[in-house]
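Input: a single structure, listed below in structure tokens.
Count residues from 1 along the sequence. Every number for a ligand or one of its atoms is a count from 1 in the order of the listing.
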Amino acid sequence: MNMITNHMPTAELQALDAAHHMHPFTDNGELATKGARVITQAKGVTLTDSEGNQMLDAMAGLWCVNVGYGRDELAEAAARQMRELPYYNTFFQTTHVPAIALSTKLAELAPDHINNVFFAGSGSEANDTNIRLVRHYWQVMGKPTKQTIIARHNGYHGSTLGASSLGGMSGMHAQGGVVSGVHHIDQPNWYSEGGDMSPEDFGLERARQLEKAIHDLGEDNVAAFIAEPVQGAGGVIVPPETYWPEIQRICDAHDILLIADEVICGFGRTGRWFGSQTMGIRPDIMTIAKGLSSGYQPIGGSLVADHIADAIANVGDFNHGYTYSGHPVAAAVALENLRILEEEKIVDYVRDDIGPYLKSKWEALADHPMVGEARIVGMMGSIALTPDKANRAPFATDAGTVGYICREHCFNGGLVMRHVGDRMIISPPLVITRDEVNTLIDRAVIALDKTYAEIKAHGMNVAG
Ligand code: PMP
């Protein structure tokens, strides 16, 4: 086989990609006619493609490259570990230093009542662990009927069958079905679903759907509630301030475990180590991945409260685990990544410096005639596009039509910003500088202006 290098013509790389590579969340036939963008290099917050174009990556890859691209320390950590011990498992009463060191460090960073980690290879796997873990826990506790997990419409928890069942994405459920015993309630998306209610009342109303669901299902049948502190893939939906305190009250009152999916929110993205801290909640389990290694290695896990870990100890094996649970190279890289986050005070930088700076610029985008709201927590933000700001109305075109146009203008203007329906979202590397934030905002405004001009020219700036 010929070596496939960065130096082949783009068209050849695209043809091979189209012939053999099935992309996630993609119509591969459609992509084949267009040709995938080939990313060849990255440094800091900047991507370079095979044509030499540079783009500011306002998504940190897939919400994960928290310390930015091109960190030699992480490459060195991987190389060192590969030479010393490239692989060993943590089954059968063995362990290794990277897994010991990383679990110890995570216990130190997590809230006081959480001192245990079950490692996985990704966020999806970790959420599958959570399903089995909470169900097993209640069996051990002598309450074997507590098996149903309550989750939310438009939540995202991953792509494996278990995780996608927890997620509330109907397009995913339609392809391959769902596991039994998951019940969904509505999301706290005031902008789209709040109608005439105040955000505060709406937040309470949505939280109390949890109480109603527990009542309808029977408290003795409900194991846990899972949610992202701030919904990410659903469009960076920031819940009203009344929402999380009420959810916490309900979980406590009804003996329901609270699982915070911190896969995006964790490791500084919201300006604290965990989104649960920003939102003031006390989860029993936290799902982690992405920023744990800044995406340099695939690794995820479940941070588990002591009362759960203690309960399932000394009662026989928990029959669960992955070949790559606690993979030594991934663990070594994650540990080094946490060192960088800590020593460079990157979480403080988000909370006290770059976060507030980005917030002021981002929220000013709400002045644009096509922007209905601009929301941001730490370094995850969204803007809602609308033809009618006063009424927060959707476009008459299919959801996502205008968002896609805007995304294309962003890409062509050197900015990676994603769209979820007609919301535009950002989640840049946490190390982004003020100058780079200015560039991000300038490019976003240009893309918004171009989108606005285009949809007006095509008569698409009308409410549906
Ligand atoms: N949970 C959340 C909140 C996520 O955003 C994601 C990924 N976007 C996942 C879980 C799944 O993680 P992975 O893709 O690593 O399996």
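If you take CG on Leu258 and CZ on Arg282, they are separated by 10.5 Å, rounding to the nearest 0.5 Å. Atom CZ in Arg375 sits 11.5 Å away from atom CE in Met380 (nearest 0.5 Å).
For ligand 1, the atoms sitting less than 4.0 Å from at least one non-hydrogen atom of Glu228 are 3 (C), numbered in the order shown with element in parentheses. For ligand 1, the atoms lying closer than 4.0 Å to a non-hydrogen atom of Ile264 are 5 (O). If you number the atoms of ligand 1 from 1 as listed, the ones under 4.0 Å from a heavy atom of Asp261 come out as 1 (N), 2 (C), 3 (C), 10 (C). Under a 4.0 Å criterion applied to the non-hydrogen atoms of Tyr156, ligand 1 contributes the atoms 1 (N), 2 (C), 3 (C), 4 (C), 5 (O), 6 (C), 7 (C), 8 (N), 9 (C). Close contacts between ligand 1 and Ser122 involve ligand atoms 15 (O), 16 (O) [criterion: under 4.0 Å to a heavy atom].
Residue contacts with ligand 1 for His157 involve N, CA, C or O but no side-chain atom from C-beta outward (heavy atoms, distance under 4.0 Å). Only side-chain heavy atoms of Lys290 come within less than 4.0 Å of ligand 1; its backbone N, CA, C and O stay farther off.
The closest approach between Leu62 and ligand 1 stays at or above 4.0 Å for every heavy atom of the residue.
Here's the thing with Gly158: none of its N/O atoms is less than 3.5 angstrom from an N/O atom of ligand 1. Of the N or O atoms in Ser124, one or more lie within a sub-3.5 Å distance of an N or O in ligand 1.
Under the 3.5 Å distance criterion, with hydrogens and angles disregarded, no donor-acceptor pair is assigned to the side chains of His136 and Asn319. Side-chain atoms of Asp128 and His320 form no donor-acceptor pair, as typed in the model, at a separation below 3.5 Å.
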Problem set entry | Worked check of side-chain hydrogen bond (donor to acceptor under 3.5 Å, both in side chains) between Thr129 and Tyr322 | CA-CA 10 Å; Thr129 297; Tyr322 308 107; 3.1 Å; yes
Exercise. Could you walk me through whether Asn127 and Thr287 pass the side-chain hydrogen bond (donor to acceptor under 3.5 Å, both in side chains) check?
Worked result: CA-CA 7 Å; Asn127 277 325; Thr287 320; 2.8 Å; yes
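Because its NZ or CZ atom is both nearer than 6.0 Å to the ring centre of Tyr191 and within 45° of the ring axis, Arg423 counts as a cation-pi partner of that residue. A cation-pi arrangement is absent between Arg206 and Trp190, since the terminal nitrogen or guanidinium carbon is not both under 6.0 Å from the aromatic centre and inside a 45° cone about the axis.
The shortest contact between atom 15 (O) of ligand 1 and any protein heavy atom is with Gly123 N, 3.0 Å.
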